[in-house]
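Contents: one structure, followed by commentary.
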Amino acid sequence: MATNYYTGIRSVILSTGSYLPNKVLTNKDLEAMVDTTDEWIFQRSGIRERCIAGDDETTGNMAIAAAKKALEAAGLTGSDIDGVIVATTTPDRTFPAVAVKVQAALDIPVGIAFDVQAVCTGFVYAMSVADNFIRLGQAKRVLVIGAEKMSSILNWEDRGTCVLFGDGAGAIIMEADESGDGSIADRGIHSTHLYANGQQRDLLYTDGGPSTTGKAGCIVMQGREVFKYAVQYMADVVEEALEENNITSADVDWLVPHQANIRIIEATAKKLGLSMDKVIVTVEKHGNTSAASIPLALDEAVQDGRIKKSDLLLIEGMGGGLTWGSALVRF
Ligand code: ACO
């Protein structure tokens, strides 16, 4: 599904924020837990370490911490926000949504607050939903968060999955902006493309849930199959974003991909003809934080000065469902 028509309003990203737990679990630490090696993990995935949340670091608490940073960076308070959308697969409770916890903690006035579940593509989906509210004039400023405690749904005896994931949260504030002229020079979101193929839902799933086992379950993944589709879908969805906006990869300042595997990221960059110094990579330090990975990567690159105002960002993600999508944004 594509969204790239101009309503006279664009959703501009005002600010970013993030939160990572203090506890770092290295590949070396994992060597003592399962039959694996630092070399295997790094060669196959590009991951060296990941952050693991403590008991009081719930998805909701991490989301609140990231959102506070984004509010501070924009010079705003909760009262300036009129909607909260949280992308997560690992909510504090089955219901209510993590978003209402964030809303209450930050004194955000009564308005929309809900979670989006599209696994690792969740943040791209959430951005797109917020963008639609904003472009239709139904919201002025939306807090969009990706937050995950993936460590809580890992089977710590399955070396094929437990070495790949980490915890954390990232947030952005999106604001309605009517100053543009409809051209690619406008700041804000220019397009989103979202997809899901439910025929592939058994390639990556949790072996539980409220209406089946009554427990959240753990991640089960056919890694090699997921890898194959990830490379194909990522390449297709970024090409589509460029074509529909009548631009080439030379116009893109930064590729901000979902951080699942460095080999998938490199394949996408190669397909685009982008050198790796135009790609934001955090997978080595964060592992795969699912819906949190894109806003975490975005915030890191904004904080260290790589991503600057008016840079053109190509954001893409892919995950369980299978789901995948992209967003083209002038920051
Ligand atoms: N340490 C050592 N050996 C291992 C480990 C480990 N941690 N895990 C698996 N192996 C072994 C396997 O048992 C297998 O051994 P065998 O050949 O004797 O059977 C061998 O290594 C190769 O296993 P593969 O799974 O084929 O390895 P592959 O090269 O495909 O890499 C990986 C695995 C890293 C999981 C890769 O397939 C991948 O990244 N897949 C995509 C993940 C992804 O993008 N997920 C999407 C988002 S996640 C979400 O939505 C929640």
Side-chain angles (χ1 to χ4, degrees), residues 25-50 59 87-91 116-126 146-168 194-198 200-209 216-235 237 257-268 281-284 286-294 296-297 316-326:
L25 185 72
T26 66
N27 291 350
K28 282 279 169 207
D29 297 330
L30 280 162
E31 286 180 0
M33 296 163 64
V34 285
D35 182 13
T36 192
T37 60
D38 171 44
E39 192 191 6
W40 191 95
I41 301 169
F42 187 68
Q43 274 185 1
R44 300 285 173 131
S45 70
I47 300 167
R48 283 272 188 224
E49 59 188 42
R50 72 287 290 144
T59 294
T88 189
T89 298
T90 50
V116 165
Q117 158 60 297
V119 204
C120 299
T121 320
F123 189 75
V124 183
Y125 268 68
E148 300 279 19
K149 188 166 178 172
M150 296 306 280
S151 61
S152 66
I153 55 165
L154 289 175
N155 172 355
W156 286 98
E157 291 175 1
D158 175 14
R159 67 177 181 170
T161 53
C162 77
V163 303
L164 300 174
F165 294 91
D167 303 332
L194 304 180
Y195 296 98
N197 181 353
Q200 297 169 325
R201 68 192 181 282
D202 290 335
L203 295 179
L204 177 53
Y205 61 96
T206 59
D207 59 0
C218 291
I219 294 177
V220 181
M221 178 167 75
Q222 293 182 39
R224 197 170 285 185
E225 282 293 290
V226 175
F227 185 92
K228 193 177 74 189
Y229 287 114
V231 170
Q232 181 196 321
Y233 290 158
M234 290 300 83
V237 86
H258 168 51
Q259 311 283 321
N261 186 312
I262 190 69
R263 292 185 292 148
I264 299 171
I265 295 171
E266 284 171 350
T268 312
V281 178
T282 54
V283 70
E284 182 169 350
H286 299 172
N288 180 350
T289 57
S290 187
S293 95
I294 290 171
L296 275 166
E316 45 95 340
M318 186 267 175
L322 295 177
T323 53
W324 63 103
S326 72

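Note that the coordinates shown come from a computational prediction; the quantities given were computed from them, not determined experimentally. Indexing begins at 1, ligand by ligand and atom by atom, following the structure's order.
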Point to revise | Sub-4.0 Å heavy-atom environment of ligand 1, residues by chain | key: D35, T36, W40, R44, V119, C120, R159, G160, V163, L164, F165, L204, M221, G223, R224, V226, F227, H258, A260, N261, R263, I264, N288, M318, G319, G320
Exercise for review: Tell me, yes or no, whether the heavy-atom count around E157 atom CD, taken from other residues, nucleotides or ligands under 6.0 Å, exceeds 12.
Suggested key: no
Review point. Between D38 and R48, does at least one N-O distance fall below 4.0 Å, as a salt bridge requires?
Key: yes
Point to revise | Side-chain touch M318/I264, heavy atoms, less than 4.5 angstrom | key: no
Exercise for review: Working to the nearest 0.5 Å, report the span between CD of Q259 and CD1 of I47.
Suggested key: 10.0 Å
Review point. Can you list the residues that meet the salt bridge (charged side-chain N to carboxylate O under 4.0 Å, His left out) rule with R263, with sequence neighbours excluded?
Key: none
Check your understanding: Between T289 and E148, does a side chain to side chain donor-acceptor pair (under 3.5 Å) hold up when you go through it step by step?
Key -> CA-CA 6 Å; T289 57; E148 300 279 19; over 6 Å; no
